[in-house]
Amino acid sequence: MSLLSALSIVCGLMLHVCFSSLHTHYCAPRKTVPYQIDDLKSFREDGIFNYSTMLIRDDLGVLLLGAREAIYALDVNNISEKKSAVYWRVTEEKQRECTYKGKHAEVECRNYIRTLHSVNDTTVYVCGTNAFSPTCDYMTFANGQLMLKGKQEEGKGKCPFDPFQRYSSLMVGNDLYSATSINFLGSEPVILRSSNLALRSEFKSSWLSEPNFVYMDFVDESTASVDGDDDKVYLFFSENAMEYDFYSKVAVSRVARVCKGDMGGQRTLQRKWTTFLKARLDCSFPEPSLPPIVQDVFLMKHADWGKSVFYAVFTPQSGLSQVSAVCAYSVSAIRDIFNEGKFKTPVAVETSYVKWVMHTGEVPVPRPGACINNVARNMGINRSLELPDKTLQFIRDRPLMDEAVRPLTGKPLLVESGALLTRIVVDSVLALDGQRHDVMFIGTENGYIQKAVNYDGEMLIIEEIQVYENPEPISILRLSSKKSQGQLYVGSEFGAIQMPVSNCSRYQSCVDCILSRDPYCAWDLSTTQCSSIYSLTPSSNTALQSLKEGNVSQCPLPPDRVAAVDVALVPGNNIKLPCQLHSNLAHVRWRFSDKALESNDKYYIYSGGLLILNASELDAGLYVCDSVEQINSRTYNRTVAVYHLQLHSEPEVVTPTPSITVTKYFESIHTLNTAATEPAPGTGDEDPLSPETQSTVGRIGRLEVAVALLALLSLSLIGVIIWFWSRGHWKCLKFAQSSKDSESRNPSADYMHIQNRSSEIHFLGPESRIPCTGNNNHTAVDFKGNGEHHFTPMANISSLDGLGYIHDESEI
Ligand SMILES: *[C@@H]1O[C@H](CO)[C@@H](O)[C@H](O)[C@H]1NC(C)=O
Ligand SMILES: *[C@@H]1O[C@H](CO)[C@@H](O)[C@H](O)[C@H]1NC(C)=O
Ligand SMILES: *[C@@H]1O[C@H](CO)[C@@H](O)[C@H](O)[C@H]1NC(C)=O
Ligand SMILES: *[C@@H]1O[C@H](CO)[C@@H](O)[C@H](O)[C@H]1NC(C)=O
Ligand SMILES: *[C@@H]1O[C@H](CO)[C@@H](O)[C@H](O)[C@H]1NC(C)=O
């Protein structure tokens with residue numbers, strides 16, 4: 001059986017690889033900025049871990065950072081400057097109690113700070129897990145000092161017991177809204193409002209079924225409301241689905257909301273929410289799959305609340321897939337579903353089985369789940385306490401809406417394969433064209449921040465910046481756009497990082513600056529620098545930006561001609577000509593005496609340059625490396641490197657090259673020259689894959705090792721597939737073959753590991769990464785949950801999703 005499951009997993013993996021390489025255009029970052037310690041301000045303290053709670057207090061000039069048993073006040077402009085710290089350790093007694101209950105002393109029985117909320121100008125509310133005994137306290141920051149007040153309060157329901165459990169909370173006025181588990185075992189979920197009139201959710205699986213709470217935010221919907229509506233708190237989470245006909249657990253993503261003015265019912269739903277409504281969030285992945293899981297959300301607020309947008313990050317439910325997506329939902333679309341949509345209702349089928357279908361009967365008035373609005377007031381109902389039992393009983397039993405919330409654009413804004421996405425924040429930038437652009441900053445599970453923007457449906461990942469040296473998941477992301485220069489604060493288990501929202505000086509020429517299409521950056525004609533739009537003098541009218549088109553025609557001078565670099569040609573040797581492109585989305589084009597070169601048994605073109613195998617006199621001449629980048633429908637060609645290959649057989653032919661300008665692209669050319677002209681001692685001939693060459697060009701060498709490993713892996717996979725096929729699973733082979741085809745089309749090892757993106761393996765021909773088009777014409781299979789649509793039978797799901805279930809065991 002274990003062999004069978006291993007095989008089915010392999011089969012699933014294979015399908016996944018094929019799908020990714022054949023069917024979908026995933027987005028890829030245009031530029032990769034590797035870890036540079038000097039560019040980042042960081043904070044960590046020895047012996048302290050789990051830096052995952054943050055509160056930005058611009059008014060106090062501090063970032064409050066909660067970690068395990070410690071809270072810091074850091075300078076908001078430079079988080080490396082610690083202004084003050086307090087330590088809140090568990091008592092020995094608490095730790096002992098906790099270990100008695102079977103928890104790990106050093107891991108679970110510690111105090112993880114999970115909550116930091118502003119109460120007023122000087123006071124902050126803090127909660128920690130406190131060795132599985134959640135506790136809250138007040139903390140002040142005055143005269144540069146943090147101080148815990150020591151007024152400890154019960155934290156049950158406000159903060160999780162379990163430090164590993166996701167949860168969410170929000171302070172609205174003096175009321176704390178929290179969504180977490182209220183018991184030690186973590187089995188009783190609750191949505192709680194701690195206030196003069198405390199309210200909570202009903203403990204029923206139709207309300208919450210093993211939920212994972214992710215995010216909460218407040219929308220002031222009473223503002224300018226024509227129907228006298230109330231303000232609302234929105235909550236995002238995932239939970240076990242109840243709407244699918246399915247024999248095992250499937251999780252779905254949800255948005256729920258409650259009204260701020262809710263006071264509970266008089267008899268029915270006493271001290272419970274009368275306005276709790278939830279709906280499924282739809283975000284269809286390009287590949288048929290189980291519903292994706294919401295991981296983080298950010299509310300991009302707009303002065304007119306109806307135009308506010310929730311941005312949400314989704315990852316697959318099955319651990320085998322490495323695809324993530326961002327979907328955006330307008331507040332008004334969610335509101336429409338809650339205010340006007342149909343409800344789902346449970347119907348008993350057979351004896352103990354309940355099926356949720358669309359409710360077609362009468363709906364009582366006032367509408368169940370609605371806030372107290374003009375309709376209710378006109379009926380003389382001013383408070384939820386006065387709602388009729390019929391309305392309350394209806395909503396108590398039917399909190400789920402029939403319809404799912406559709407994303408703004410009908411599909412994901414962004415679909416990516418590779419390291420999973422973990423967190424998101426969004427900034428709104430007023431660009432030079434007078435338009436506002438929403439810029440997403442997305443954290444990944446391997447320590448990168450991606451910066452992405454949508455230009456009229458075209459999705460562009462401007463760059464990805466490695467902020468942690470080791471690939472660790474980003475567990476918190478905060479944005480401060482109050483300062484003229486926006487700052488991002490990032491947290492992980494091992495430390496906090498601060499970085500600016502942009503570093504325009506990374507783009508050194510006008511063409512670079514314009515092609516980056518970064519809304520924060522513009523080419524300043526007066527200083528001839530790529531500068532932040534916030535640092536441009538408002539009076540000056542001399543900055544260039546072309547975000548949607550990436551039009552470089554306004555750039556003052558044609559790009560400098562690239563000087564040719566002389567390279568000696570020794571017949572019989574292999575020669576490497578490096579060429580590093582500015583953009584991951586560009587592909588390389590090599591020309592020799594103005595003839596285009598292709599990979600064949602003579603030339604080997606890879607992402608780092610060109611390899612000429614077994615050079616002869618005929619290979620002397622001019623080699624040009626062009627970068628070709630497609631932006632919208634325009635193609636940009638740029639010459640990146642030029643080499644002049646000269647015969648080196650007679651010593652006098654070797655000419656000194658006084659006129660060479662060695663730009664930064666050619667830094668390694670001298671060592672390469674040596675490697676090419678002096679064959680490794682003893683071997684006589686030079687193998688491009690030999691360890692000697694690898695050490696000169698370490699990075700390329702690593703790529704090739706990865707290639708070899710991959711080749712090995714695919715060989716064994718094919719072996720497995722053939723075995724599998726002989727057992728009748730032709731489908732699997734079909735896909736495996738298409739991937740084999742793509743290998744044989746690109747002889748030698750044309751697929752490699754890209755840069756530092758550890759979990760990403762691409763099949764690359766000459767063009768490596770494909771920019772996303774915005775209309776990924778994917779064959780999306782929508783996951784409907786409208787009652788009438790039944791769950792896709794297991795057999796289909798498994799063969800497509802790569803879950804690799806075996807449907808008929810007798811077959812094998
Ligand atoms: C911005 O980028 C430049 C060029 O890579 C680098 O020298 C500089 O340190 C960076 N600055 C910040 C604040 O990241
Ligand atoms: C930030 O603070 C650290 C520690 O005090 C200091 O070494 C560093 O120079 C500061 N960085 C900046 C940019 O001010
Ligand atoms: C802030 O809130 C705390 C706790 O509720 C209270 O003790 C304190 O007096 C308040 N301070 C101000 C300045 O309002
Ligand atoms: C806290 O950090 C430590 C050290 O990396 C890690 O082992 C542990 O799992 C983390 N705990 C939580 C609750 O994330
Ligand atoms: C509801 O409020 C209105 C206006 O404030 C008041 O006239 C009416 O008597 C109230 N109704 C009840 C049942 O309290």
Side-chain angles (χ1 to χ4, degrees), residues 41 43 51-67 69-88 111 113-128 130 134-155 158-159 167-178 192-198 215-220 222-223 231-233 260-261 298-301 303 305 308 425 427-428 476-489 491 496 498:
K41 292 165 188 152
F43 175 82
Y51 300 84
S52 52
T53 315
M54 287 182 185
L55 176 64
I56 299 171
R57 288 294 299 257
D58 278 318
D59 55 337
L60 304 175
V62 292
L63 172 77
L64 297 176
L65 175 66
E69 315 209 313
I71 306 153
Y72 303 96
L74 308 175
D75 188 331
V76 76
N77 297 311
N78 178 2
I79 63 163
S80 303
E81 295 259 342
K82 181 171 80 177
K83 291 193 167 177
S84 179
V86 285
Y87 299 92
W88 181 2
N111 189 19
I113 305 301
R114 298 295 300 273
T115 307
L116 286 170
H117 289 300
S118 291
V119 176
N120 56 33
D121 288 353
T122 54
T123 310
V124 169
Y125 197 58
V126 193
C127 305
N130 201 27
T135 309
C136 300
D137 199 352
Y138 291 88
M139 182 176 74
T140 57
F141 181 72
N143 308 320
Q145 288 301 310
L146 277 181
M147 209 168 73
L148 280 170
K149 299 302 267 182
K151 292 197 277 189
Q152 294 198 354
E153 289 181 357
E154 176 64 68
K158 299 176 185 169
C159 173
Y167 101 106
S168 185
S169 68
L170 180 74
M171 193 69 103
V172 179
N174 287 322
D175 298 349
L176 179 72
Y177 291 77
S178 51
L192 187 70
R193 183 179 70 198
S194 308
S195 58
N196 292 336
L197 185 69
Y215 180 83
M216 253 187 197
D217 216 328
F218 177 75
V219 179
D220 57 337
S222 65
T223 308
D231 295 337
K232 310 212 172 75
V233 170
K260 187 173 163 232
F298 184 86
L299 174 60
M300 186 68 235
K301 292 197 173 167
W305 60 260
S308 297
V425 294
D427 194 12
S428 167
I476 189 166
L477 194 53
R478 290 278 185 268
L479 172 75
S480 165
S481 43
K482 296 226 172 63
K483 299 260 172 293
S484 62
Q485 253 291 17
Q487 297 288 314
L488 286 170
Y489 303 93
Q498 176 187 6

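Note that the structure is a prediction, hence the values are computed from the model and not measured.
- The line from OH of Tyr489 to CG of Leu65 is 11.5 Å long, rounded to the nearest 0.5 Å.
- Asp231 places a side-chain heavy atom less than 4.5 Å from the side chain of Phe218.
- Checked against Ser178 for a side chain to side chain contact (heavy atoms under 4.5 Å, CB included), the options Ser169, Ser168, Cys127 give a single hit: Ser169.
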(request) With side chain to side chain contact (heavy atoms under 4.5 Å, CB included) as the test, would you mind laying out the steps for Met139 and Leu64 before giving the verdict? (result) CA-CA 11 Å; Met139 182 176 74; Leu64 297 176; 4.3 Å; yes
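- In terms of modelled atom types and a separation under 3.5 Å, the side chain of Gln487 and the main chain of Asn78 share no donor-acceptor contact.
- Taking 4.5 Å as the limit, every side-chain heavy atom of Val76 sits out of range of all side-chain heavy atoms of Val62.
- Applying the salt bridge (charged side-chain N to carboxylate O under 4.0 Å, His left out) criterion to Arg478, with sequence neighbours excluded, gives no partner residue.
- Among all heavy-atom pairs drawn from Ala73 and Phe141, the shortest one is CB-CE1, 3.6 Å.
- Taking the side chain as every heavy atom from C-beta outward, Leu146 and Val124 never approach each other to under 4.5 Å.
- At distances below 3.5 Å, at least one donor-acceptor pair connects side-chain atoms of Tyr215 with backbone N or O atoms of Leu299.
- Note that NZ of Lys232 and OG of Ser222 are 9.0 Å apart. Values are rounded to the nearest 0.5 Å.
- By the 4.5 Å heavy-atom criterion applied to side chains, Arg193 and Val172 are not counted as neighbours.
- Note that OG of Ser118 and CG of Asp59 are 7.0 Å apart. Values are rounded to the nearest 0.5 Å.
- With rounding to the nearest 0.5 angstrom, the CG atom of Leu63 is 12.0 Å from the CZ atom of Arg57.
- With sequence neighbours excluded, no residue satisfies side-chain contact (heavy atoms from CB on, under 4.5 Å) with Asp121.
- When the side chain to side chain donor-acceptor pair (under 3.5 Å) test is applied to Thr115, the partners found at least two apart in sequence or on another chain are Tyr167.
- Partners of Thr135 under the side chain to side chain donor-acceptor pair (under 3.5 Å) rule, at least two apart in sequence or in another chain, are Asn130.
- Of the possible donor and acceptor atoms, none in the side chain of Glu81 sits under 3.5 Å from a partner among the backbone N and O of Asp75.
- A distance of 9.5 Å separates OG in Ser480 from CG in Asp427, rounded to the nearest 0.5 Å.
- When atom types are taken as modelled, the side chain of Asn111 and the backbone of Trp88 share a donor-acceptor pair closer than 3.5 angstrom.
- Residues forming a disulfide bond (SG atoms under 2.5 Å apart) with Cys159 (at least two apart in sequence, or on another chain): none.
- Qualifying ring-ring contact (aromatic ring centres under 6.0 Å, His included) partners for Tyr177, counting only residues two or more places apart in sequence or in other chains: none.
- In this structure, Asn196 has no side-chain contact (heavy atoms from CB on, under 4.5 Å) partners at least two apart in sequence or on a different chain.
- Taken from CG in Leu477 to CG in Leu488, the straight-line distance is 6.0 Å, to the nearest 0.5 Å.
- Taking the side chain as every heavy atom from C-beta outward, Ser308 and Val219 never approach each other to under 4.5 Å.
- Contact detail for His117 and Leu55: the closest heavy-atom pair is C-CD2, 4.0 Å.
- Partners of Lys83 by salt bridge (charged side-chain N to carboxylate O under 4.0 Å, His left out), not counting sequence neighbours: none found.
- In this structure Gln145 satisfies the side-chain contact (heavy atoms from CB on, under 4.5 Å) test together with Ser84, sequence neighbours excluded.
- Here Tyr138 pairs with Tyr125 under the ring-ring contact (aromatic ring centres under 6.0 Å, His included) rule; sequence neighbours left out.
- Two residues are said to be in side-chain contact when any heavy atoms from C-beta on lie closer than 4.5 Å; Asp217 and Lys301 meet this criterion.
- For Lys41, the NZ atom is densely surrounded, since the number of other residues' heavy atoms within 6.0 Å is greater than 12.
- Screening residues 136-154 for salt bridge (charged side-chain N to carboxylate O under 4.0 Å, His left out), with sequence neighbours left out, gives Glu153-Lys158.
- Partners of Phe43 under the ring-ring contact (aromatic ring centres under 6.0 Å, His included) rule, at least two apart in sequence or in another chain, are Tyr72.
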